[in-house]
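Just so you know, these numbers use all the heavy atoms, side chains as well, and skip hydrogens, waters and symmetry mates. So that the names make sense, note that chain A is the first sequence line, chain B the second, and so on, each numbered from 1.
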Amino acid sequence: MKLHFFNTLTREKEEFIPIDSKEVRIYSCGPTVYYFAHIGNLRAYLFMDNLRRVLEYNGYKLKHVMNITDVGHLVSDADEGEDKMLKAAKRENKDPFQIAEFYMNAFLKDIDKLNIQRPEIIARATEHIDIMEEYVKKIIENGYTYQSEDTIYFDTSKLDKYGVLSNRNIEEQKAGARVEFDENKKNISDFALWIKAPENHIMKWDSFFGKCYPGWHLECSAMGYKYLGDHFDIHTGGIDHIPIHHENEIAQSKGFSGKIPANYWMHVDFLTVDGGKMSKSLNNLYTLSDLKEKGYDPLVYRMFNFGSNYRNKINFTWEAMNAAKVALARLKEGYKKHNEGIEDVEDSIINEYEEKFHEAINDDLNMPVAMSVVWDVIKNPIKSKKFAKLLLKFDTVLGLEIDKENEKEEIPDEIKELLEKRKVARENKDWNLSDTLRDEIKEKGYIVKDSKDGMQVEKL
RNA sequence: GGCGCUAUAGCCAAGUGGUAAGGCACGAGUCUGCAAAACUCUGAUCCCCGGUUCAAAUCCGGGUGGCGCCUCCA
């Protein structure tokens with residue numbers, strides 16, 4: 001079945017044809033590890049995972065690289081930006097390497113919890129300084145640079161065109177510039193490749209240009225080149241990467257090899273919260289731990305993301321989060337019923353569903369439509385193991401672990417005693433006492449559900 | 001100042017020319033001692049104005065609103 005992706009480079013949905021018919025090579029821009037990832041960050045990696053799983057569903061093997069940015073990228077003291085790594089180090093009274101180590105591990109734990117498959121290669125910037133240096137040298141050799149006293153810049157005017165991804169044009173930018181630019185730059189879109197570190201800079205490496213650290217776009221180009229070559233299939237990232245970071249990656253690659261590094265560029269839009277961007281000042285910046293505290297499993301957040309297309313913004317609300325929680329529980333319930341089913345269905349029906357699902361995911365990862373097919377299967381009144389098997393196949397893409405029962409939390413003895421009392425009361429048909437006990441259990445944070453098999457409790 | 005995205009039921013959202021997928025919530029019902037859970041049923045003519053067309057949420061023009069980016073934040 002044909003596979004189509006929206007390509008930012010052409011602004012069109014295109015058929016996906018890999019360079020190598022068996023193995024798809026992908027590069028994904030990963031996190032800067034200076035703090036815990038929030039759920040907006042994590043959406044990007046859910047998208048990345050979604051892409052992986054859809055490609056695998058289509059029978060492709062993957063060679064997928066994701067970077068971990070564990071080095072700060074302050075261009076110079078004159079710049080107004082903050083070096084996030086250094087800022088975090090100061091805040092926590094650690095050195096930047098410790099910060100990177102800690103938050104990288106936290107990030108990896110988060111993506112594991114979300115059932116995000118780890119890319120085949122996770123590349124840390126600080127472990128690839130040598131290849132970055134080589135990369136810069138080649139760009140210099142090819143004549144695409146100039147230098148000031150302490151910085152080597154990429155000269156974007158040397159390119160036939162800068163701004164192929166975002167339709168940007170250097171002159172237009174000058175006209176509307178709101179920001180003071182580095183006076184050493186010849187063109188407004190030029191950027192730093194290699195920078196001499198100030199005395200007190202902790203992260204710096206010996207190089208042909210003295211003690212330096214890399215410019216902030218360099219790592220992706222260099223590491224992508226190292227593992228995937230100068231021409232690979234897909235490059236992914238957040239929508240915010242389009243105008244600067246990915247333009248500059250393309251510029252660097254053109255300076256290095258003359259090629260745009262990837263054929264397909266895919267970008268995931270932001271998650272908004274209550275209609276706007278998340279921010280600390282609005283107190284709506286959530287992490288997975290925050291969700292957990294409110295009673296939402298990481299996979300519920302995963303489920304929530306399937307409600308919209310990756311190319312559109314998705315608006316986070318607690319109401320929608322709850323919708324995902326209930327829906328996921330019902331999905332599991334529905335799977336279980338099919339799995340316990342003894343009826344038979346014709347293969348043609350199974351195939352029809354499978355085809356619809358496959359079509360949806362192959363249409364630029366249209367998960368909302370794919371989910372509607374899942375619900376069709378779930379709600380089919382015929383209960384058959386064939387349906388259960390089909391759902392498991394779908395779950396290789398969904399990654400919702402629909403066949404796993406929710407973990408039963410340990411019930412405290414106190415609650416167990418109350419339940420026992422209530423059981424006796426119910427046997428005696430003492431409904432008043434039974435209801436009182438139920439209220440009491442509820443006050444202690446547990447919901448009682450009576451079923452044919454007896455009482456069950458669930459944490460609120 | 002520039003670039004881009006977007007406006008569909010209470011919420012999250014599919015749908016890009018032929019009279020609106022799906023999930024959640026609400027309401028009704030089945031079940032239950034009563035609840036809860038589960039299951040079934042139920043809801044919108046698609047921001048406004050104008051145009052093209054036999055036919056538009058879907059194309060074009062003009063409004064209005066929301067959001068993002070132009071400093072390394074996915």
Side-chain angles (χ1 to χ4, degrees), chain A residues 11 28-32 34 37-48 69 72-75 79-85 163 166-169 171-182 188-189 191-192 215-217 236-245 248 267-272 275-279 303-309 311-331 333-334 337 360 366-376 379 381 426 429-432 434-435 438-439 442 447-452 456 458:
Chain A
R11 312 250 152 189
S28 291
C29 283
T32 303
Y34 66 96
H38 61 247
I39 56 175
N41 299 133
L42 293 169
R43 185 189 187 199
Y45 306 104
L46 283 167
F47 155 68
M48 177 185 93
T69 300
H73 294 298
L74 192 70
V75 174
D79 264 14
E80 289 178 37
E82 293 171 301
D83 184 320
K84 303 219 154 169
M85 297 301 303
S166 54
N167 287 327
R168 295 200 324 161
N169 157 314
E171 291 310 310
E172 280 172 4
Q173 284 181 73
K174 270 185 187 166
R178 277 205 316 213
V179 183
E180 298 276 326
F181 281 87
D182 185 342
I188 208 146
S189 51
F191 55 93
W216 52 286
H217 312 291
T236 79
I239 197 169
D240 55 322
H241 286 148
I242 297 172
I244 304 265
H245 181 55
N248 290 352
H267 294 96
V268 54
D269 205 331
F270 282 116
L271 173 101
T272 58
K277 200 175 175 179
M278 273 192 287
S279 73
M303 177 80 180
F304 164 76
N305 274 267
F306 292 147
S308 88
N309 188 283
R311 280 203 291 129
N312 291 330
K313 272 182 268 296
I314 187 170
N315 192 34
F316 181 91
T317 61
W318 290 109
E319 200 177 345
M321 198 57 193
N322 208 57
K325 182 179 180 177
V326 173
L328 180 57
R330 287 186 186 161
L331 217 55
E333 186 72 27
K337 280 184 184 162
N366 195 333
M367 296 314 288
V369 170
M371 286 311 294
S372 75
V373 178
V374 172
W375 285 110
D376 280 348
K379 301 225 165 150
R426 284 170 60 75
K429 297 200 189 294
D430 185 348
W431 307 125
N432 281 334
S434 168
D435 290 354
R438 182 166 64 200
D439 287 344
K442 191 177 176 182
I447 290 273
V448 180
K449 294 175 187 174
D450 297 321
S451 70
K452 281 168 194 157
Q456 291 182 334
E458 220 172 75

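The base of G22(B) is not paired with the side chain of Asp376(A) by any donor and acceptor separated by under 3.5 Å. Side-chain atoms of Arg438(A) and base atoms of A35(B) include a donor and an acceptor less than 3.5 Å apart. Counting distance only, with no hydrogens placed and no angle test, the side-chain atoms of Asp450(A) and the base atoms of C34(B) include a donor-acceptor pair under 3.5 Å. For G33(B), its base sits under 3.5 Å from the side chain of Arg426(A) at one donor and acceptor pair at least.
Between Asn305(A) and A13(B) there is no side-chain polar atom (N or O) within less than 4.0 angstrom of OP1 or OP2. Phosphate proximity of C24(B) to Asn322(A): absent, as no side-chain N or O sits under 4.0 Å from OP1 or OP2. Proximity of Lys379(A) to the phosphate of G22(B): no side-chain N or O atom is located under 4.0 Å from OP1 or OP2. Within the 4.0 Å cut-off from OP1 or OP2 of C34(B), not a single side-chain nitrogen or oxygen of Asn432(A) is found. Contact annotation: Arg11(A) does not reach the phosphate of G4(B) (side-chain N/O to OP1 or OP2, under 4.0 Å).
With both pairing distances under 3.5 Å, A7(B) is matched to U64(B) as a Watson-Crick or G-U wobble pair. Base-pair partner of U19(B): not found among the strands shown (Watson-Crick or G-U wobble, both distances under 3.5 Å). C69(B) is paired with G2(B) under the Watson-Crick or G-U wobble criterion, all donor-acceptor distances under 3.5 Å. Of all nucleotides present, none satisfies the Watson-Crick or G-U wobble test against C46(B) with each distance under 3.5 Å. Using N1 to N3 plus N6-O4 or O6-N4 for Watson-Crick, or N1-O2 and O6-N3 for G-U wobble, each under 3.5 Å, U58(B) pairs with nothing. The nucleotide G29(B) finds its pairing partner in C39(B), both defining distances of the Watson-Crick or G-U wobble pair being shorter than 3.5 Å.
Regarding Met303(A), its CE atom lies at a distance of 7 Å from the C1' atom of G23(B), rounded to whole Å. Separating the CD atom of Glu319(A) from the C1' atom of A9(B) is a distance of 12 Å, rounded to the nearest angstrom. At whole-Å resolution of the value, CD1 in Ile244(A) and C1' in G2(B) are 13 Å apart. The distance between atom CD1 of Ile314(A) and atom P of U6(B), rounded to the nearest whole Å, is 15 Å. Rounded to whole Å, atom C1' of U6(B) lies 13 Å from atom CZ of Arg311(A).
Looking at heavy-atom distances under 4.0 Å, His245(A) makes no contact with the nucleic acid at all. Within 4.0 Å (heavy atoms only), Gly237(A) reaches sugar-phosphate atoms of the nucleic acid but no base atom. Contact annotation for Leu271(A): base contact, defined as any heavy-atom pair under 4.0 Å involving a base atom. Nucleic acid contact for Val374(A): none, since no nucleic acid atom lies under 4.0 Å from a heavy atom of the residue. Using a 4.0 Å heavy-atom cutoff across all strands shown, Phe304(A) reaches sugar-phosphate atoms only and no base atom. No engagement by Phe191(A) is indicated, since no non-hydrogen atom pair under 4.0 Å with the nucleic acid exists.
Note that NZ of Lys325(A) and CE of Met321(A) are 9.0 Å apart. Values are rounded to the nearest 0.5 Å. Here the straight-line distance linking atom CG of Asp240(A) with atom CG of Asp269(A) works out to 9.5 Å at 0.5 Å rounding.
Of the candidates Asn305(A), Thr272(A), Ile39(A), Ile39(A) is the only one forming a side chain to side chain contact (heavy atoms under 4.5 Å, CB included) with Phe316(A).
Trp216(A) and His245(A) have parallel rings, their planes meeting at less than 30° on a 0 to 90° scale where 60° marks the start of perpendicular.
A salt bridge is defined here as a Lys NZ or Arg NE, NH1 or NH2 lying under 4.0 Å from an Asp or Glu carboxylate O, and Arg438(A) with Asp435(A) meets this definition.
Taking the side chain as every heavy atom from C-beta outward, Lys313(A) and Leu271(A) never approach each other to under 4.5 Å.
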